[in-house]
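Notes for the one structure printed next.
To find a chain, count down the sequence lines: A is the first, B the second, and so on, and within it residues start at 1.
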Amino acid sequence: MLRLAGVSHAYDGRTVLRDVTLDLAEHRIGVIGANGSGKSTLARTLNGLVLPDTGRVSLGEWDTRRHAKQVRRRVGFVFSDAANQIIMPTVAEDVEIGLRSLRLGREETARRVDEVLERYGLSDHRDHPGHLLSGGQKQLLALASVLVTGPEILVCDEPTTLLDLRNTRMVHRTLAGLDQRVVLFTHDLDLLPDFDRVLVMAEGRVAFDGAPDDAVSFYTKLMDQADGA
Amino acid sequence: MSAIGLYVAGTGPLHRVSAGPKLLGLLVVGVALVAAADPWVSLGALVASLLAYPLVGLHPRRALGVLRALWPFLLAIGAFQALFGAWEEGLRLCAQLASLVLLANAVTLTTRVREMLDLFERLARPLRHVGVNPDRVALVLALTVRSIPMVASAWRAAREGYRARGLSGRPHLLVVPVIVQLLRMADATGEALVARGIDEDTRVRVD
Ligand SMILES: Nc1ncnc2c1ncn2[C@@H]1O[C@H](COP(=O)(O)OP(=O)(O)O)[C@@H](O)[C@H]1O
Ligand SMILES: [Mg+2]
C-alpha cells in the first residue's frame, strides 16, 4: 500500500503541501483540485521525484527517501506532456530502453516490446519517430513505455490535458482497462464516476476524500464559493 | 522533414549489414579521401555516393535533401577558396564533405539507432576501467539524437508565437524563448528519465 504520513512540502519557503496523511489502496483513485492546489507536487512525492520536507511516503517496506529505486520500479509515472517523456528516436526503442535496467536478455526484451506495442495499437508505428505520433498516440506510447516494466501502481498527472476529445477518450479507455492500480490527477471530471475514491486538493490539503459524485459536488461548490466571494 | 535522417525500414543491402562494418567502411573512405587529397578522386567519390543511394534502395530524394542542407556550407567553402585562387582545393573540400555526409547519412538511414548505440556501448566498454559507464555513453548519444527534433520544434513554436503577435524580422529575438523552451524540455526529460528508472536520481541522498 502507498502511504503518506504527515507530508508537507515548500518551494522556496512557500508551502504547497500541508500535512497530508493518506493510505492509497483502492484500485482507482482520482485527485482533483484547482490549478496550484498542489496536485502535481503530491503526485511527484508518490514516486520520489519530490522528497517532502517533512513526513514520509512509503510503499510497503520501501520509503521514497531511502529506497527511491525500489519505489520507482513499482510506481510508474505518466506526465501531461508525453513529448518530454519520449527519449529514444523510435517508438520501439523508447519502449525498450525502460527495460534495459531489468536485464532480461534480448529475446525476452523483444518479446515484451512487441507485446506491449500490439496491446496499445502502436505496432504499425514501431520504427517511426515517437515525436511524429499524434498527441493521443504519444500519450499511449508514454503509457506503454511505463507499463512494459510492470509497475504495480500507475500515477498519471493530467495525462489528457493536452489532448482533444477523441484522444482523451482513447487514453481513458486504456486507463480503465488496466489491471494495475491507478492514481489519476485530472481536471476531467467526466472520468471519475467509475472510480473507487476521489480526493479534492485545496491549498495543499486534502479538503475532501470520498465517493466520486460527492467529491465532484464538493469541488464544484468550492469553485463557486471562490467565484462568488 | 529534417535533413538528418533517422532509420527508415527497408531490405536493401546496407540494411542487412550490421552497424560495425558500415561505420568501419565510412571511416576507411574518410581516411582514404583525406589521404588522397585529390579533387578528382573526391569528385568521383561524390558521384559514387550519389549513385549509391538508389543502389542500396534509398530514394534519391534523401540524397538531395542532404545536399540542400549542406549547400550554404559548400558555397561558403567554395567561394572562400576561389577567392584565394585555390579553386581546385575548394572543389576537393566541397566534394569530400558532401560525399562523406551523404555516406554517413546512408549509414544512419539504414541502421537502427538501437544497433548504433549497442555498438558504441561495446566500443566504450574498455573505458569502464577508467571510470566511464558505457550505458551512460549510449544514453547520452541517444539523447543527442533525440534533441534534434526538440530543437526544431522549439524553434517552430517560438517563431509561430512571434508571428502570431504580428511581429516579423529580427530573428535574434527568438533566441531567448527558444533557449527557455529547450531548458524547460530538458528539465522535463531529465525528470522523465528518473521516473522511468533509466537514470538514477543524483539528488537523492542516502542517509
Ligand atoms: N519546482 C517548483 N519550484 C517552485 N514552485 C513550484 C514548483 N512546482 C510547483 N510550484 C508551485 O507550487 C504550487 C503548487 O503547484 P502544483 O503542485 O504544480 O499544483 P497543481 O498541479 O495543482 O497545479 C504552485 O503555486 C506552483 O507555482
Ligand atoms: Mg499540475
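For CZ of B:Phe80, the number of neighbouring non-hydrogen atoms (other residues, nucleotides, ligands) closer than 6.0 Å is 12 at most. Dense packing is recorded around CD of A:Glu108, with more than 12 heavy atoms of other residues, nucleotides or ligands lying under 6.0 Å away. The number of heavy-atom neighbours closer than 6.0 Å to CZ of A:Arg3, taken from other residues, nucleotides and ligands shown, is 12 or below. More than 12 heavy atoms of other residues, nucleotides or ligands sit less than 6.0 Å from atom CZ of A:Arg56.
Shortest non-hydrogen contact noted between B:Val194 and A:Leu49 is CG1-CD2, 3.8 Å. Heavy atoms only, all atoms of each residue included: A:Phe79 and B:Ala192 are closest at CE1-CA, 3.8 Å.
Of all the listed residues (A:Val75, A:Asp81, A:Val78, A:Ile86), the one sharing the greatest number of non-hydrogen pairs under 4.5 Å with chain B is A:Ile86. Among A:Ala92, A:Ala142, A:Ser145, the residue making the largest number of heavy-atom pairs under 4.5 Å with chain B is A:Ser145.
Among residues two or more places apart in sequence or in another chain, the side-chain hydrogen bond (donor to acceptor under 3.5 Å, both in side chains) test is passed with A:Arg181 by none. Annotation: side-chain contact (heavy atoms from CB on, under 4.5 Å) contacts of A:Thr15 (sequence neighbours excluded): A:Ala10, A:Arg18.
No side-chain donor-acceptor contact under 3.5 Å links B:Arg196 to the backbone of A:Ile97.
Between atom OG1 of residue B:Thr189 and atom CD1 of residue A:Ile87 there is a gap of 7.0 Å, rounded to the nearest 0.5 Å.
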Point to revise | Verdict with supporting geometry, B:Glu191 and A:Gln85, side-chain contact (heavy atoms from CB on, under 4.5 Å) | key: CA-CA 8 Å; B:Glu191 197 175 36; A:Gln85 191 162 355; over 6 Å; no
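Looking at A:Asp63, there are no atoms closer than 4.5 Å to chain B (heavy atoms on both sides), in backbone or side chain.
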